[in-house]
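Taking it in order: structure first as C-alpha coordinates, then the write-up.
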Amino acid sequence: EFYCLNIVDLATTFNVFVVLHRKTAQAVASAYKWAWMQWAGVPDKIVDRGKEFFGDFQEVQAQFGSKMRMIPVEAPWQNGMVERHGGVMGDIIQAVVSETGAVGYQQMRDVCLHAAMAKNRRPGKTGFSPRSLVFGVDEKLTVSGLNHYLEQPDDASITASREERETRSSMDTRKAAMKAVIELDHS
(Lines give C-alpha, C1' and ligand atoms only; values in the text may rest on other atoms or scores of the structure.)
Protein backbone atom coordinates (compact mmCIF):
# COMPACT_ATOMS: atom_id res chain seq x y z
CA GLU A 1 0.00 0.00 0.00
CA PHE A 2 1.30 3.42 -0.97
CA TYR A 3 0.28 6.99 -0.30
CA CYS A 4 0.72 10.07 -2.46
CA LEU A 5 1.59 13.64 -1.61
CA ASN A 6 -0.34 15.96 -3.93
CA ILE A 7 1.19 19.43 -4.38
CA VAL A 8 -0.53 22.04 -6.58
CA ASP A 9 0.64 25.56 -7.29
CA LEU A 10 -2.64 27.49 -7.17
CA ALA A 11 -1.42 30.22 -9.54
CA THR A 12 -0.42 27.92 -12.43
CA THR A 13 -2.01 24.57 -11.45
CA PHE A 14 1.42 22.94 -11.80
CA ASN A 15 1.01 19.58 -10.08
CA VAL A 16 3.53 17.28 -8.40
CA PHE A 17 2.51 13.86 -7.12
CA VAL A 18 4.94 11.94 -4.91
CA VAL A 19 4.61 8.31 -3.83
CA LEU A 20 5.18 7.73 -0.11
CA HIS A 21 5.74 4.49 1.79
CA ARG A 22 4.05 5.96 4.86
CA LYS A 23 1.75 8.85 5.55
CA THR A 24 3.65 10.44 8.43
CA ALA A 25 4.68 14.03 9.07
CA GLN A 26 8.34 13.07 8.63
CA ALA A 27 7.72 11.28 5.30
CA VAL A 28 5.62 14.18 4.00
CA ALA A 29 8.21 16.77 5.08
CA SER A 30 11.03 14.84 3.40
CA ALA A 31 9.08 14.33 0.18
CA TYR A 32 7.99 17.97 0.13
CA LYS A 33 11.56 19.23 0.46
CA TRP A 34 12.79 16.85 -2.26
CA ALA A 35 9.92 17.18 -4.74
CA TRP A 36 9.00 20.85 -4.37
CA MET A 37 11.33 23.06 -2.38
CA GLN A 38 14.54 22.05 -4.14
CA TRP A 39 13.36 23.56 -7.43
CA ALA A 40 10.37 25.80 -6.61
CA GLY A 41 11.62 27.31 -3.39
CA VAL A 42 9.61 28.15 -0.30
CA PRO A 43 5.92 28.95 -0.77
CA ASP A 44 4.18 31.74 1.10
CA LYS A 45 1.43 29.49 2.38
CA ILE A 46 0.56 25.81 2.62
CA VAL A 47 -3.00 24.66 3.11
CA ASP A 48 -4.39 21.29 4.15
CA ARG A 49 -6.21 19.50 6.91
CA GLY A 50 -4.41 16.16 7.21
CA LYS A 51 -2.67 15.17 10.44
CA GLU A 52 0.41 14.28 8.38
CA PHE A 53 0.96 18.04 8.05
CA PHE A 54 1.56 18.46 11.79
CA GLY A 55 4.80 17.90 13.68
CA ASP A 56 7.87 17.49 11.44
CA PHE A 57 6.15 19.07 8.48
CA GLN A 58 5.20 22.20 10.43
CA GLU A 59 8.74 22.43 11.77
CA VAL A 60 10.18 22.34 8.25
CA GLN A 61 7.78 25.07 7.13
CA ALA A 62 8.57 27.22 10.17
CA GLN A 63 12.32 26.89 9.49
CA PHE A 64 11.82 28.27 5.99
CA GLY A 65 9.20 30.88 6.86
CA SER A 66 6.12 29.39 5.21
CA LYS A 67 2.78 29.97 6.85
CA MET A 68 0.54 26.97 7.54
CA ARG A 69 -3.20 27.33 7.28
CA MET A 70 -5.08 24.32 8.49
CA ILE A 71 -8.49 23.85 6.94
CA PRO A 72 -11.22 22.90 9.40
CA VAL A 73 -12.61 19.39 9.02
CA GLU A 74 -16.04 20.98 8.66
CA ALA A 75 -14.93 23.03 5.59
CA PRO A 76 -13.20 20.68 3.10
CA TRP A 77 -14.37 22.81 0.15
CA GLN A 78 -11.69 25.35 1.12
CA ASN A 79 -9.15 22.96 -0.39
CA GLY A 80 -11.34 22.13 -3.40
CA MET A 81 -8.86 23.01 -6.15
CA VAL A 82 -6.16 20.78 -4.71
CA GLU A 83 -8.67 17.96 -4.18
CA ARG A 84 -9.96 18.26 -7.76
CA HIS A 85 -6.44 18.14 -9.20
CA GLY A 86 -5.64 15.18 -6.96
CA GLY A 87 -8.76 13.42 -8.23
CA VAL A 88 -7.69 13.92 -11.84
CA MET A 89 -4.21 12.65 -11.01
CA GLY A 90 -5.83 9.62 -9.40
CA ASP A 91 -7.84 8.98 -12.57
CA ILE A 92 -4.71 9.24 -14.73
CA ILE A 93 -2.74 6.97 -12.41
CA GLN A 94 -5.54 4.41 -12.31
CA ALA A 95 -5.68 4.34 -16.14
CA VAL A 96 -1.89 3.98 -16.41
CA VAL A 97 -1.74 1.18 -13.83
CA SER A 98 -4.60 -0.58 -15.58
CA GLU A 99 -2.87 -0.36 -18.95
CA THR A 100 0.72 -1.08 -17.87
CA GLY A 101 0.16 -3.43 -14.93
CA ALA A 102 2.57 -1.38 -12.80
CA VAL A 103 3.23 -2.81 -9.32
CA GLY A 104 5.65 -1.98 -6.55
CA TYR A 105 7.13 1.23 -5.23
CA GLN A 106 9.56 1.99 -8.08
CA GLN A 107 7.02 1.41 -10.83
CA MET A 108 4.46 3.54 -8.97
CA ARG A 109 7.03 6.34 -8.73
CA ASP A 110 7.43 6.19 -12.50
CA VAL A 111 3.65 6.12 -13.01
CA CYS A 112 3.19 9.20 -10.79
CA LEU A 113 6.07 10.99 -12.51
CA HIS A 114 4.69 10.42 -16.01
CA ALA A 115 1.11 11.15 -14.90
CA ALA A 116 2.15 14.52 -13.48
CA MET A 117 4.26 15.32 -16.53
CA ALA A 118 1.38 14.48 -18.88
CA LYS A 119 -1.09 16.54 -16.83
CA ASN A 120 1.33 19.48 -16.63
CA ARG A 121 1.69 19.45 -20.45
CA ARG A 122 -2.04 19.97 -20.97
CA PRO A 123 -2.97 23.58 -21.81
CA GLY A 124 -5.26 25.14 -19.23
CA LYS A 125 -7.80 27.96 -19.41
CA THR A 126 -5.06 30.48 -20.26
CA GLY A 127 -4.07 28.47 -23.34
CA PHE A 128 -0.72 27.66 -21.76
CA SER A 129 0.28 24.48 -19.98
CA PRO A 130 1.14 24.66 -16.27
CA ARG A 131 4.66 23.61 -17.25
CA SER A 132 5.08 26.50 -19.68
CA LEU A 133 3.68 28.94 -17.10
CA VAL A 134 6.22 27.77 -14.51
CA PHE A 135 9.30 27.25 -16.68
CA GLY A 136 8.59 29.49 -19.67
CA VAL A 137 8.95 26.63 -22.17
CA ASP A 138 7.18 23.43 -22.99
CA GLU A 139 8.83 20.15 -22.20
CA LYS A 140 11.03 18.51 -24.81
CA LEU A 141 9.78 15.00 -25.48
CA THR A 142 12.69 12.62 -25.74
CA VAL A 143 12.35 9.36 -27.64
CA SER A 144 9.56 10.88 -29.71
CA GLY A 145 8.71 9.32 -33.04
CA LEU A 146 7.22 12.61 -34.29
CA ASN A 147 10.20 14.66 -33.17
CA HIS A 148 12.41 12.16 -34.99
CA TYR A 149 10.61 12.87 -38.29
CA LEU A 150 9.57 16.51 -37.88
CA GLU A 151 12.60 17.96 -36.17
CA GLN A 152 16.02 16.50 -35.51
CA PRO A 153 16.52 12.73 -35.65
CA ASP A 154 17.24 11.24 -32.25
CA ASP A 155 18.46 7.83 -33.37
CA ALA A 156 20.32 6.98 -30.15
CA SER A 157 17.27 7.39 -27.91
CA ILE A 158 14.96 5.67 -30.41
CA THR A 159 17.38 2.71 -30.55
CA ALA A 160 17.62 2.66 -26.75
CA SER A 161 13.84 2.60 -26.45
CA ARG A 162 13.75 -0.52 -28.60
CA GLU A 163 16.66 -2.34 -26.97
CA GLU A 164 16.61 -1.35 -23.29
CA ARG A 165 13.77 -2.79 -21.21
CA GLU A 166 13.81 0.03 -18.65
CA THR A 167 13.65 2.74 -21.32
CA ARG A 168 10.84 0.89 -23.14
CA SER A 169 8.91 0.54 -19.87
CA SER A 170 9.29 4.25 -19.16
CA MET A 171 8.10 5.12 -22.66
CA ASP A 172 5.09 2.80 -22.31
CA THR A 173 4.22 4.50 -19.02
CA ARG A 174 4.56 7.95 -20.62
CA LYS A 175 2.35 6.88 -23.52
CA ALA A 176 -0.32 5.49 -21.18
CA ALA A 177 -0.30 8.70 -19.09
CA MET A 178 -0.60 10.94 -22.15
CA LYS A 179 -3.38 8.74 -23.51
CA ALA A 180 -5.22 8.93 -20.17
CA VAL A 181 -5.08 12.75 -20.20
CA ILE A 182 -6.47 12.83 -23.74
CA GLU A 183 -9.23 10.38 -22.85
CA LEU A 184 -10.17 12.41 -19.75
CA ASP A 185 -10.17 15.58 -21.85
CA HIS A 186 -12.56 14.03 -24.35
CA SER A 187 -14.88 12.11 -22.06
Side-chain angles (χ1 to χ4, degrees), residues 1-97 100 102-122 124 129-137 139 166 169-170 173-174 176-177 180-181 184:
E1 183 173 77
F2 303 108
Y3 302 94
C4 290
L5 172 62
N6 179 28
I7 307 168
V8 179
D9 173 42
L10 299 180
T12 63
T13 69
F14 190 83
N15 205 168
V16 174
F17 224 64
V18 184
V19 178
L20 304 171
H21 282 292
R22 330 176 275 299
K23 193 176 174 182
T24 64
Q26 184 179 15
V28 169
S30 176
Y32 183 75
K33 286 194 294 187
W34 168 80
W36 190 265
M37 288 178 63
Q38 78 169 345
W39 69 270
V42 180
D44 293 334
K45 175 173 54 176
I46 297 170
V47 180
D48 206 297
R49 62 188 174 113
K51 65 181 182 244
E52 65 274 13
F53 291 96
F54 291 106
D56 291 344
F57 189 81
Q58 283 181 315
E59 287 177 28
V60 167
Q61 298 318 304
Q63 287 172 347
F64 292 104
S66 288
K67 295 177 183 75
M68 282 289 294
R69 182 172 149 244
M70 300 309 284
I71 294 174
V73 175
E74 307 81 30
W77 64 86
Q78 291 183 19
N79 204 22
M81 186 173 177
V82 175
E83 297 297 332
R84 281 192 308 277
H85 282 267
V88 169
M89 284 294 293
D91 291 344
I92 297 167
I93 289 166
Q94 185 175 10
V96 173
V97 169
T100 64
V103 292
Y105 180 75
Q106 187 58 47
Q107 288 183 358
M108 287 307 298
R109 283 185 62 176
D110 290 345
V111 166
C112 287
L113 171 71
H114 285 293
M117 290 170 69
K119 182 178 170 295
N120 288 327
R121 281 186 204 109
R122 182 193 169 278
S129 69
R131 188 184 195 297
S132 66
L133 289 171
V134 171
F135 295 107
V137 295
E139 178 182 353
E166 192 170 306
S169 175
S170 181
T173 302
R174 178 178 83 182
V181 169
L184 285 170

Heavy-atom count around E166 CD within 6.0 Å, excluding the residue itself: above 12?
->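 Not buried by this count: 12 neighbours or fewer within 6.0 Å.
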
What do you reckon, is CD of Q26 surrounded by more than 12 foreign heavy atoms closer than 6.0 Å?
->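 Counting other residues, nucleotides and ligands, CD of Q26 stays at 12 neighbours or fewer.
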
Nearest heavy atoms of [X] and [Y], plus distance in Å:
{"X": "P43", "Y": "Y32", "answer": "CG-OH, 2.9 Å"}
{"X": "V19", "Y": "M108", "answer": "CG2-O, 3.6 Å"}
{"X": "F17", "Y": "C4", "answer": "CE2-CB, 3.4 Å"}
{"X": "S129", "Y": "R121", "answer": "CB-O, 3.2 Å"}

Please tell me if the side chains of W34 and V18 come closer than 4.5 Å, counting only heavy atoms from C-beta onward.
->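 Side-chain contact under 4.5 Å: yes.
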
Kindly indicate whether the side chain of E83, heavy atoms from C-beta on, has any atom under 4.5 Å from the side chain of N6.
->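 E83 vs N6: side chains apart.
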
Output, in order, the C-alpha distance, side-chain angles, deciding distance and verdict of side chain to side chain contact (heavy atoms under 4.5 Å, CB included) for M89 and K119.
-> CA-CA 8 Å; M89 284 294 293; K119 182 178 170 295; 3.4 Å; yes

Report the residue from N120, D91, I92 that forms a side chain to side chain contact (heavy atoms under 4.5 Å, CB included) with V181.
->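 That would be I92.
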
Taking D9 for the side chain and N15 for the main chain, is one N or O donor matched with an acceptor at less than 3.5 Å?
->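 Checking the backbone N and O of N15 against the side chain of D9, no donor-acceptor pair under 3.5 Å is found.
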
side-chain hydrogen bond (donor to acceptor under 3.5 Å, both in side chains): which pairs involve residues 107-117, sequence neighbours left out?
->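 Listed once each, the pairs are H114-S170.
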
Between OG1 on residue T173 and CG on residue L113, distance to nearest 0.5 Å |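 Rounded to the nearest 0.5 Å, the OG1-CG separation comes out at 9.5 Å.
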
Can you check whether F14 and W39 have ring centres sitting under 6.0 Å from each other?
->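 Yes, the ring centres sit under 6.0 Å apart.
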
Does the pair R131 and V137 meet the rule for a side chain to side chain contact (heavy atoms under 4.5 Å, CB included), with working shown?
-> CA-CA 7 Å; R131 188 184 195 297; V137 295; 4.0 Å; yes

